[in-house]
Amino acid sequence: MIARKPKRIDLYESFFEKAPISREQEQRLAIVLFPLLLVVIMAGFYGFLRIQISHLDRQIAPVKTYLNTTDTQTMHQRADMLKRKYDSIVSLTEAMITAEAAVDSFPHLDKEMLSAVYDLTEAKVTVMNLAYNGTTGILHITVDTSRPESGLDYIERLRQSGHFTGLTHTGYSGENAENTPYTIEIFGALPSPKEVQP
C-alpha cells in the first residue's frame with residue numbers, strides 16, 4: 001500500500017479561484033459589512049464602558065458607605081454649625097473693628113484735660129456743670145463767677161492750655177445784684193485723636 005499524501009486545502013484560495021467576486025458584489029458586501037463592523041465596535045466600546053463603570057462603582061462603594069454612616073453625618077452637621085459660628089465671629093469682629101475705628105476718630109476726654117478745666121478756675125470761678133457731646137466733640141462748661149472779667153480770664157487760660165482747638169462762649173448772664181453770680185456758658189472743641197501730638 002502506498003501512502004497518500006494529504007492534500008492541503010486553502011479555502012480562501014479555492015473560493016476566490018473558483019468564484020471571482022465582481023465589483024458590484026464587493027460593493028454589496030461592503031454595504032453589509034460596514035454597519036456590522038460599526039455594531040461590533042460600538043458593542044465592544046459599550047462593554048468596555050460597562051466594565052469601567054462597574055470597577056468605579058466597586059471603588060466608590062466604601063466611600064458611599066462611610067459617608068452614609070451616622071457618625072459621618074453628625075460630623076458634617078457639626079462642621080456646618082462650626083462654619084456658621086465662624087462666619088458669625090468674623091462678621092462681629094469686622095463690626096467691632098469698624099466701631100473701634102469710629103470711636104477712635106472721636107475726641108477723647110482724658111484726666112489731664114478735665115483736671116485742667118477745674119485747676120484753671122482760681123478762686124473767683126466755679127465750674128457748675130460739664131457736658132460732652134460725643135457727636136460734635138464739644139465740651140460744654142457752665143461756670144459761675146462773681147465778676148464777668150474773671151470768667152473771661154478763665155476762658156483765656158483754657159485757650160492757652162492747649163486742650164481745645166477752639167473755644168466760644170455765650171457771654172454772661174445774671175443780675176447785677178450783690179452775691180448773685182454771673183453764669184457763663186463755654187463751648188470747647190476737643191481735638192480729634194489725629195490732631196493730638198504724641
Side-chain angles (χ1 to χ4, degrees), residues 27-121 126-143 158-170 185-198:
Q27 288 177 348
R28 282 187 204 155
L29 188 60
I31 291 172
V32 171
L33 288 179
F34 183 71
L36 287 175
L37 182 63
L38 283 178
V39 168
V40 168
I41 290 172
M42 289 174 60
F45 186 67
Y46 177 75
F48 173 74
L49 288 179
R50 290 301 299 164
I51 290 169
Q52 289 296 98
I53 289 171
S54 172
H55 180 66
L56 290 175
D57 282 343
R58 281 195 305 274
Q59 287 180 336
I60 292 174
V63 175
K64 284 183 180 177
T65 303
Y66 173 74
L67 290 176
N68 290 327
T69 62
T70 307
D71 292 341
T72 305
Q73 295 290 334
T74 304
M75 285 189 321
H76 180 52
Q77 290 170 351
R78 186 163 184 239
D80 284 346
M81 180 186 66
L82 290 173
K83 173 77 168 92
R84 285 192 303 273
K85 285 182 178 183
Y86 172 77
D87 291 342
S88 174
I89 289 170
V90 167
S91 174
L92 289 173
T93 302
E94 289 171 356
M96 285 173 45
I97 290 169
T98 302
E100 188 176 67
V103 167
D104 287 344
S105 69
F106 288 117
H108 294 290
L109 296 173
D110 61 2
K111 179 181 176 183
E112 182 182 334
M113 191 273 306
L114 290 174
S115 295
V117 168
Y118 284 99
D119 292 344
L120 294 173
T121 57
T126 305
V127 175
M128 300 304 291
N129 188 31
L130 284 176
Y132 175 67
N133 185 334
T135 305
T136 61
I138 301 291
L139 181 65
H140 179 199
I141 306 167
T142 305
V143 296
L158 286 175
R159 188 171 285 122
Q160 291 175 358
S161 72
H163 293 290
F164 301 95
T165 57
L167 283 169
T168 58
H169 62 89
T170 58
E185 304 284 335
I186 305 166
F187 301 92
L190 299 175
S192 68
K194 294 176 185 173
E195 296 170 345
V196 175
Q197 299 298 326

Could you give all pairs that pass the side chain to side chain donor-acceptor pair (under 3.5 Å) test and reach residues 36-55, with sequence neighbours left out?
S54-R58, H55-Q59
Which value, rounded to the nearest 0.5 Å, describes the distance between [X] atom [atom1] and [Y] atom [atom2]?
X: I141; Y: Y132; atom1: CD1; atom2: OH; answer: 12.5 Å
X: T168; Y: I186; atom1: OG1; atom2: CD1; answer: 9.0 Å
X: H163; Y: L120; atom1: NE2; atom2: CG; answer: 7.5 Å
X: H140; Y: N129; atom1: NE2; atom2: CG; answer: 7.0 Å

side-chain hydrogen bond (donor to acceptor under 3.5 Å, both in side chains) partners for T72, two or more places apart
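Expected list: T69.
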Have a look at L130 and tell me which of V143, T142, L114 forms a side-chain contact (heavy atoms from CB on, under 4.5 Å) with it.
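For L130, the side-chain contact (heavy atoms from CB on, under 4.5 Å) test succeeds with only one of V143, T142, L114, which is L114.
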Could you check E112, K111, M113 and say which one makes a side-chain contact (heavy atoms from CB on, under 4.5 Å) with S115?
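Among E112, K111, M113, the one meeting side-chain contact (heavy atoms from CB on, under 4.5 Å) with S115 is K111.
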Carefully, step by step, assess R78 and L82 under the rule side chain to side chain contact (heavy atoms under 4.5 Å, CB included).
CA-CA 6 Å; R78 186 163 184 239; L82 290 173; 4.2 Å; yes
Take a 6.0 Å sphere around CE of M42 and say whether it holds more than 12 heavy atoms from other residues, nucleotides or ligands.
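Open: at most 12 neighbouring heavy atoms sit under 6.0 Å from CE of M42.
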Check: residues 86-99 side-chain donor-acceptor pairs under 3.5 Å, at least two apart:
unit_1	atom_1	unit_2	atom_2	d
D87	OD1	K83	NZ	3.0
D87	OD2	K83	NZ	3.1
T93	OG1	I89	O	2.7
T98	OG1	E94	O	2.9

Answer whether the closest heavy-atom distance between the side chains of L167 and F187 falls below 4.5 Å.
no
Working for side chain to side chain contact (heavy atoms under 4.5 Å, CB included), residues Q73 and N68
CA-CA 7 Å; Q73 295 290 334; N68 290 327; 4.1 Å; yes
